[in-house]
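Notes for the one structure printed next.
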Amino acid sequence: MHIIVPVKMVPDTTLVKIDPETNTLVREGVPFITNPFDTHAIEEALRLKDRYDAHVTVISMGPPSAEWVLRRALSLGADQAILLSDRVFGGADTLATSKVLSEAIKRLHNEHPVDLIICGMQTIDGDTAQVGPGIACRMKFTQLTLVDRILQLDLAQKRIQVRRKLEEYYESVEASLPALLTVVREINSLRYPTVPKKLESAETMIPVWSNEILKLDPNTIGLKGSPTNVRRIFAPQREKGEIIDAMGDNKDAAVNMIIDKLFEWNIVIQN
Amino acid sequence: MFVGQFIFAVLFIAALIFFAFNFYRLLALLCLGRWENRFDFLLTRLKNMFVYAFGQLRVIERPYGVNHLLIFWGFLTLLALNAEFLISGIFPAFSLSFIGRIPYGLLLTATEIMSLIVLISVLIAVIRRLFFRPAYIELSADAFIILFMIAALMVAYFGYHAGEIHLGKTDWAGWMPVSGMVANLFSSVSTEPTVQTVTHLCWWIHALVLLAFLNYLPYSKHLHVITAIPNCFFRSFDYAKTVPRLIFQRGNEFGISRITQFTWKNLLDFMSCTECGRCQDGCPANHTGKTLNPRDLIHRGKLNLFTNGRSILAGRPLDSLLPTPADAEMNSPLIGNGENSISEADLWHCTTCGACMTNCPVFIEHVPKIIEMRRHLVMEQSKFPEELTNFFMNSEQRFNPWGLAPTDRAKWAQDLPVPFVEEGKPVEYLFFVGCSGAYDSRSKNVVTSVAKIFNHAGLSWGILGNEEKCCGDSLRRLGNEYVFEQLARDNIATFRKYGITKIVTHCPHGYSTLKNDYAQFGGEFEVLHHSQLIDQLIREGKLTLSKKSNGTTVFHDSCYLARYNEITEAPRNVLKGTQSGSGFVEMPRHGQNGFCCGAGGGRMWLEELEGKRINTERTEEALATGANTIAVACPFCMTMFEDGLKDLDVVDQVHVKDIAELVAESME
Ligand code: SF4
Ligand code: SF4
């Protein structure tokens with residue numbers, strides 16, 4: 001079994017603040033991390049590896065510095081990592097990104113047929129949730145989004161059954177392999193790498209595929225291949241609700257206030 | 001008699017050979033461990049050996065230990081005449097009397113008196129074990145066998161000498177008061193031939209029990225008779241307050257999962273346990289119903305060494321004292337659930353409070369062993385309680401346990417007169433705020449108080465702000481040395497960048513880590529705990545505490561202050577300075593005998609599901625003193641007591657305060 005996990009290095013957006021005057025993102029000093037949803041995709045692939053002895057390949061499109069995200073995946077137990085890095089890939093929106101990723105996956109697929117692609121549900125810096133489905137369309141794989149549990153995997157029959165976590169209910173669906181899953185955080189809890197694996201992955205050579213290898217038309221990738229146009233970034237005004245500061249000196253008071261509000265708005269009803 | 005002499009000679013020589021063989025095997029077992037240099041400071045070591053092994057200073061810390069001291073010294077006194085006794089069994093003419101009439105006579109008398117004392121002590125020991133046995137002592141056949149042997153030796157000694165006196169076979173009757181009395185007894189009840197038989201019998205009993213005793217030792221907990229003295233000699237001087245540094249290179253193994261990966265001194269520890277149970281008695285985990293029992297942990301280490309070590313030794317020529325080959329097979333895993341193994345759960349229960357090490361009369365070093373095994377679980381196996389995954393990731397990526405924004409580390413100091421250190425502008429003291437101080441809402445008031453105190457005293461000080469990272473204490477004790485080392489290196493580099501030479505912390509964990517652990521990474525700074533610095537400021541007259549409180553205050557010693565760093569007086573001085581009357585009280589367990597709050601060793605980040613909660617136990621002890629303020633000098637202790645008070649529903653009556661808060665309240 002061959003599983004591919006596309007991952008992305010993202011700024012830790014929980015630490016990103018928006019400059020209220022200029023309405024731009026203050027990115028200074030913000031560390032980069034593996035997109036949190038992707039860490040669960042890697043974990044799910046590794047769990048399948050533990051069970052079915054799958055071969056797990058992690059790929060990422062990004063600047064050369066994104067390499068460490070792949071090393072981290074290797075240290076957790078992924079078998080192979082490939083970095084897709086080229087200036088012409090830069091500035092890509094989801095359309096162009098899924099194009100480059102799909103092309104790389106096709107190459108891998110030709111060498112070693114792919115049964116599953118597992119993506120995070122979305123990235124925390126874009127929140128579009130489009131790249132996974134984009135890859136599925138281009139690869140002509142079944143797409144199963146928002147998966148929170150793999151219910152069954154039958155490699156002989158090439159069938160997979162998953163549970164999807166939708167807004168108000170769960171949905172259980174079955175599909176044929178190869179398939180692409182996008183997963184939510186609840187699907188698993190993460191493992192922690194061993195030190196020997198960390199040290200080993202630090203020394204692993206990670207192949208870098210540039211466009212010389214993928215040979216895509218430069219007009220269909222990167223900034224040029226991205227029809228998305230960002231007009232303005234701004235912090236939306238909060239229209240209702242309020243923040244009760246629990247980090248202040250008086251936690252108990254904050255809790256009491258919240259409880260009072262819950263009663264006031266009839267969310268909690270006393271009987 | 002000649003036949004008897006012959007039989008005895010054969011037995012004697014066989015026993016000696018067997019003993020020598022056993023002794024040699026113990027040595028060979030020790031050599032299976034890794035090398036460690038404990039041959040430095042030989043004079044200090046000698047002094048230690050005399051004070052603690054021969055003087056039994058730690059043994060007699062508990063009143064009952066005097067009994068042990070008496071038996072021990074009784075035996076030492078008896079050594080000379082027992083040697084004489086054994087040799088004269090083969091060469092009847094042999095006697096030590098050549099040392100002179102008076103000295104030899106005195107030796108006889110001393111031996112008589114000591115024998116009687118030993119006999120009485122043994123009886124006391126038997127009665128104690130049978131009827132007044134403390135909870136931490138196990139009722140084992142082993143103890144009774146040994147006590148019986150000792151008693152038999154003493155009784156036979158008197159019987160034999162009394163017989164000799166009665167039969168007029170000795171010129172030294174006047175020097176043997178006890179045997180003399182027994183001889184009188186003989187005269188009143190027995191006939192000559194009976195006395196002769198009894199004397200003979202006593203001689204043989206004495207001879208055989210002595211040889212048996214010698215050879216039973218290595219198979220029982222009384223192995224410590226042989227090993228405890230060298231163990232005191234080779235003890236660690238820095239009280240095992242840290243763990244060895246690791247070299248993170250590919251191919252190395254991190255932590256310990258096989259008994260032979262321990263150094264020889266650790267193996268000697270396992271062999272030196274007297275099973276006195278004092279470690280268990282001080283252990284907060286054991287006290288509150290967890291399965292961890294430090295005595296049992298050491299005992300299991302010994303069993304593991306014996307089973308694995310013996311099978312390694314069985315495969316090699318007798319004369320080799322070689323280390324363990326890398327591929328040696330272990331028939332019992334060190335970490336596991338078998339009876340010769342230490343369970344993972346036990347390893348995680350430990351708060352690294354160090355009570356076991358402070359209590360151990362023979363200086364066994366429990367905590368470093370536990371941490372080495374945790375290291376294996378964390379770094380080689382990635383096997384640890386689930387809650388720790390987040391803790392580890394947060395510490396690694398955001399440099400604090402909660403995963404809060406590193407850019408918010410200095411947020412507490414906003415709008416406060418708190419100076420930041422700057423390059424090229426040296427300050428005398430760096431205040432290392434630590435994660436609790438920086439992020440925990442309750443601790444915020446503590447660090448604010450510290451700032452107030454420093455400013456009030458006109459101190460030259462500053463904080464690192466967002467450049468500070470977690471000190472890594474919990475990581476190190478939990479066995480995550482890899483991340484600990486990264487944090488330690490980063491912090492040391494930052495200290496150097498600002499030319500820091502003196503550091504003050506309000507957290508004993510940060511204090512001990514910066515002081516004792518960072519030194520391994522080249523971070524040699526003068527580190528003070530805030531209790532010490534405040535104490536000093538008061539002494540120097542830079543702080544005046546005028547608003548005295550008149551409530552009742554009890555102080556809880558943090559393990560990493562009192563035990564790890566022997567700081568017990570400074571916080572008490574400070575506290576007493578804030579009080580008007582004599583409202584300062586102590587808990588029964590205080591100072592170096594204090595009882596852990598339950599948060600050390602990374603337990604702060606773990607669920608406590610088994611048994612009673614340690615903080616509840618400690619909070620109850622504090623409440624029993626009737627104090628209305630529980631003073632602490634540690635943010636972890638603070639949290640544990642706050643939780644304890646909430647659980648016991650007394651938050652309104654009793655308050656927990658850091659000493660800095662009390663000082664700030666007392667300042668004008
Ligand atoms: S360090 Fe404390 S908790 Fe750990 S075994 Fe020793 S006494 Fe028990
Ligand atoms: S480890 Fe030390 S304190 Fe514990 S039982 Fe053994 S000798 Fe006693």
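So you know, we letter chains A, B, ... as the sequences are listed, proteins then strands, and number each from 1.
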Sidechain N-carboxylate O distance under 4.0 Å for B:Glu380, A:Lys198 | no
Does any backbone or side-chain atom of [X] lie under 4.5 Å from a heavy atom of chain A? Answer side chain, backbone, both or neither.
X: B:Asp408; answer: side chain
X: B:Asn390; answer: neither
X: B:Phe248; answer: both
X: B:Val651; answer: neither

From B:Met379, B:Met393, B:Lys383, residue fulfilling side chain to side chain contact (heavy atoms under 4.5 Å, CB included) relative to A:Tyr192 | B:Met393
Report yes if some heavy atom in the side chain of A:Arg191 is under 4.5 Å from a heavy atom in the side chain of B:Ser382; otherwise report no.
-> no
Heavy-atom pair of closest approach, residues B:Thr389 and A:Leu190 | CG2-O, 3.7 Å
A:Lys197 versus chain B, the contacting section by heavy-atom distance below 4.5 Å = neither
Would A:Thr194 and B:Tyr482 count as a side chain to side chain contact (heavy atoms under 4.5 Å, CB included) if you check the C-alpha gap in whole Å, the side-chain angles of each, and the deciding distance to 0.1 Å?
-> CA-CA 10 Å; A:Thr194 66; B:Tyr482 189 76; over 6 Å; no
More than 12 foreign heavy atoms under 6.0 Å from [atom1] of [X]: is that the case here?
X: B:Glu386; atom1: CD; result: no
X: B:Glu387; atom1: CD; result: yes
X: A:Asp53; atom1: CG; result: no

Could you have a look at B:Arg442, B:Glu253, B:Arg398, B:Gln249 and say which one has the most heavy-atom pairs with chain A under 4.5 angstrom?
-> B:Arg398
